[in-house]
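Written out below as structure tokens is the structure these notes cover.
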Amino acid sequence: MGEVEPAFIQPTEHRSKLAIVESEGVPLIDLSPLNSFDSTSIAALVREIGDACSNWGFFQVINHGVPLSCREKIETVSREFFHQSLDEKRKVKRDEENPMGYYDGEHTKNVRDWKEIFDFVAKAPTVIAASHEPDDKEVKLLFNQWPEYPPNFREACEEYTKEIETLSFKVLELISMSLGLPAKRFNNFFKDQTSFLRLNYYPVCPFPHLALGVGHHKDAGGLTVLAQDDVGGLEVKRKADGEWIRVKPTPNAYIINVGDVIQVWSNDRYESVEHRVTVNSERERFSIPFFFNPAHYTTVEPLEELVDEQSPANYRGFEWGKFVSRRNQSNFKKLQIDNIQIYDFKIAES
């Protein structure tokens with residue numbers, strides 16, 4: 001990645017400004033009340049989560065219960081893996097048949113990202129839709145492929161996955177309560193989850209004014225739970241004014257954002273917010289997102305408890321597996337059309 005190829009160059013309107021707006025505004029939420037069993041403290045925490053989802057779509061959590069040692073292990077093996085030669089990394093390269101593994105050619109909004117990634121599913125094997133065709137009832141299994149080096153790579157990844165999944169369910173339950181629903185209202189959707197983790201590596205980029213680590217986008221799934229290093233680079237489009245805001249790294253915190261699926265379930269009470277990742281001309285950056293996604297057969301539609309005459313359903317239902325299969329087509333090649341989005345299922349106001 002020594003030269004900037006045309007595929008990496010962002011349209012002028014989507015390039016990052018070299019002047020950074022860094023904000024303390026993305027809420028920082030302390031989850032320790034979950035350990036207190038004090039109903040007043042938990043109720044206040046639920047309100048905090050609801051306000052963060054309504055106003056930002058993003059928040060950071062501390063005192064979350066994920067051991068620091070577990071996070072440090074996966075961060076270490078991630079660095080060791082990506083610092084290998086390209087030939088070594090490509091021994092576990094993903095493709096359209098097996099989308100788990102290493103890849104360095106991903107596109108967002110049809111522009112190539114300045115990054116390398118390694119993907120693995122949280123539950124192996126994971127059952128997904130075989131295609132996006134509505135009448136195709138076939139499914140296929142996703143399996144992980146693990147590199148030989150570092151030798152403790154798989155162990156570190158699987159240990160971290162267990163901890164981050166536990167945190168994800170805690171946050172999911174708080175979000176459910178903030179909508180006035182029972183804590184476990186969403187849990188059954190994730191019984192056969194299609195969640196996956198991604199190790200991101202953003203090499204030093206000599207052209208940070210032209211390229212992005214990840215172009216502007218919204219996350220398709222339920223929740224994203226992100227560990228980022230101290231370099232920073234994640235920017236969130238502030239709902240209040242559309243300004244791009246840099247999320248300041250907080251030691252041992254996790255950044256959580258609501259995805260499209262929760263936007264639909266909540267009938268637009270909570271919004272999946274646009275974000276992007278800038279690149280750095282001096283320092284490489286690493287991050288680890290966990291994409292917490294429902295079972296492939298889940299019908300995503302506004303929950304009946306949140307729909308009435310005053311608030312009619314804003315979306316037609318769609319099958320999660322078909323939806324994500326269609327979206328994933330653009331990961332491997334530049335398409336001539338915009339990718340499918342939840343607004344394609346929006347019900348027109350009468």
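Reckoned from all heavy atoms, side chains included, excluding hydrogens, waters and symmetry mates.
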Out of curiosity, Ser78 OG to His83 NE2, how far, rounded to the nearest 0.5 Å? 8.5 Å

When the ring planes of Phe81 and Tyr102 are compared, do they come out parallel, tilted or perpendicular, using 30° and 60° as the limits? perpendicular

Check the pair Val231, Glu284 against side chain to side chain contact (heavy atoms under 4.5 Å, CB included), reporting the backbone distance first and the verdict last. CA-CA 8 Å; Val231 176; Glu284 62 186 8; over 6 Å; no

Flag, side chain of Ser266 to backbone of Ile262, donor-acceptor distance under 3.5 Å: yes

Answer whether the closest heavy-atom distance between the side chains of Ser272 and Asn257 falls below 4.5 Å. no

For a side-chain contact (heavy atoms from CB on, under 4.5 Å) with Asn267, tell me which candidate from Val307, Asp308, Leu179 qualifies. Val307

Between Glu271 and Gln263, does the side chain to side chain contact (heavy atoms under 4.5 Å, CB included) criterion hold? Intermediate values first, please. CA-CA 5 Å; Glu271 184 182 344; Gln263 178 170 336; 3.6 Å; yes

Phe196-Phe291 aromatic ring centre distance below 6.0 Å: yes

Separation of Ser325 OG from Glu319 CD (nearest 0.5 Å): 10.0 Å

Val121, Ile74: one ILVMFWY side-chain cluster at the under-4.5 Å cut-off? no

Kindly write out the residues that satisfy ring pair (Phe, Tyr, Trp, His ring centres under 6.0 Å) with Phe186, not counting sequence neighbours, or none if the list is empty. Trp265

Candidate list Glu163, Glu80, Glu159, Glu158, test salt bridge (Lys or Arg N to Asp or Glu O under 4.0 Å), partner Lys73, passing option: Glu159

Could you check Gln341, His275, Lys109, Glu274 and say which one makes a side-chain hydrogen bond (donor to acceptor under 3.5 Å, both in side chains) with His217? His275

Are Thr278 and Arg246 linked by a side-chain donor-acceptor pair shorter than 3.5 Å? yes

Side chain of Gln145, backbone of Lys93: donor and acceptor closer than 3.5 Å? yes

Under 3.5 Å, is there a donor-acceptor pair between the Ser32 and Asp30 side chains? yes

Within the 3.5 Å criterion, strictly below it, is a donor on Ser195 or Gln193 matched to an acceptor on the partner's side chain? yes

Do Glu282 and Val204 come close enough that some side-chain heavy atom pair is under 4.5 Å? no

Step by step, would you call Lys218 with Ile342 a side chain to side chain contact (heavy atoms under 4.5 Å, CB included)? CA-CA 10 Å; Lys218 299 181 178 186; Ile342 56 171; over 6 Å; no

Could you tell me whether a side-chain N or O of Thr298 sits under 3.5 Å from a main-chain N or O of Ala295, the two making a donor and an acceptor? yes

CZ-CD1 distance between Phe82 and Ile117, expressed to the nearest 0.5 angstrom: 8.0 Å

Sidechain-backbone polar pair: Lys184 side chain, Ser176 backbone, donor-acceptor under 3.5 Å: no

Assess whether atom CD of Glu155 is packed by more than 12 heavy atoms of other residues, nucleotides or ligands within 6.0 Å. no

Against Phe286, only a single residue in Phe118, Tyr201, Tyr202 fulfils ring-ring contact (aromatic ring centres under 6.0 Å, His included); can you say which? Tyr201

Kindly compute the distance separating CH2 (Trp114) from CG (Leu212), expressed to the nearest 0.5 Å. 11.5 Å

Lys162 NZ: over 12 foreign heavy atoms closer than 6.0 Å: no

Could you list all the side-chain hydrogen bond (donor to acceptor under 3.5 Å, both in side chains) pairs where at least one residue sits in residues 224-234, not counting sequence neighbours? Asp219-Thr224, Gln228-Arg285, Asp230-Arg283

Donor-acceptor pair, distance only, cut-off 3.5 Å: does the side chain of Ser178 make one with the backbone of Val46? no

Heavy-atom closest contact (Lys322 atom, Glu133 atom, distance): NZ-O, 2.9 Å

Mind checking whether Leu197 and Val127 sit in one hydrophobic cluster, side chains of I, L, V, M, F, W, Y counted as touching below 4.5 Å? no

Is Thr76 reaching over with its side chain to a backbone N or O of Glu72, donor-acceptor style, under 3.5 angstrom? yes

Between Pro125 and Phe143, the two heavy atoms sitting closest are CB-CE2, 3.6 Å

So, do Val92 and Phe153 sit near enough that their side-chain heavy atoms are less than 4.5 Å apart? no

May I ask you to decide if Phe37's main-chain N or O and Ser41's side chain share a donor-acceptor pair within less than 3.5 Å? no

Test Arg185 against Glu305 for salt bridge (Lys or Arg N to Asp or Glu O under 4.0 Å), laying out the working first. CA-CA 10 Å; Arg185 175 65 175 90; Glu305 301 97 315; 2.6 Å; yes

Would you sort out whether Arg238 and Glu243 count as a salt bridge (Lys or Arg N to Asp or Glu O under 4.0 Å), showing the intermediate values? CA-CA 5 Å; Arg238 187 162 53 194; Glu243 186 74 49; 5.3 Å; no

Any side-chain heavy-atom pair from Val258 and Val273 closer than 4.5 angstrom? no

Looking only at the aromatic ring of each residue, does the gap between the centers of Phe120 and Trp146 stay below 6.0 angstrom? yes

Taking C-beta and beyond as the side chain, do Tyr149 and Glu88 meet within less than 4.5 Å on heavy atoms? no

Walk me through it: do Leu34 and Leu174 pass the test side chain to side chain contact (heavy atoms under 4.5 Å, CB included)? CA-CA 10 Å; Leu34 289 176; Leu174 288 167; 4.0 Å; yes

side-chain hydrogen bond (donor to acceptor under 3.5 Å, both in side chains), paired with Asp104, selected from Lys115, Lys89, Arg90: Arg90

Tell me yes or no: between the side chains of Ser287 and Asn200, is some donor less than 3.5 Å from an acceptor? yes

Between Asn55 and Lys239, is there a side-chain heavy-atom distance shorter than 4.5 Å? no

Using side-chain heavy atoms (C-beta onward) and a distance below 4.5 Å, is Ile256 in contact with Ile29? no

Are the side chains of His296 and Asp192 in contact, using a 4.5 Å heavy-atom criterion? no

Would you check if the side chain of Lys123 reaches a backbone N or O of Thr194 as a donor-acceptor pair within less than 3.5 Å? no

Between CZ of Phe189 and NZ of Lys191, what distance do you get to the nearest 0.5 Å? 13.0 Å

Fit a plane to each ring of Tyr254 and His64, take the angle between them on a 0 to 90° scale, and name the class: parallel (under 30°), tilted (30 to 60°) or perpendicular (over 60°). perpendicular

Report whether Phe190 and Ile175 are members of the same hydrophobic cluster (ILVMFWY, side-chain heavy atoms less than 4.5 Å apart, transitive linking). yes

Hey, which of Tyr297, Tyr315, Phe318 is the one that makes ring-ring contact (aromatic ring centres under 6.0 Å, His included) with Phe323? Phe318

What distance separates Asp268 CG from Asn314 CG, expressed to the nearest 0.5 Å? 4.5 Å

Aromatic contact, Phe292 with Phe169 (centres under 6.0 Å): yes

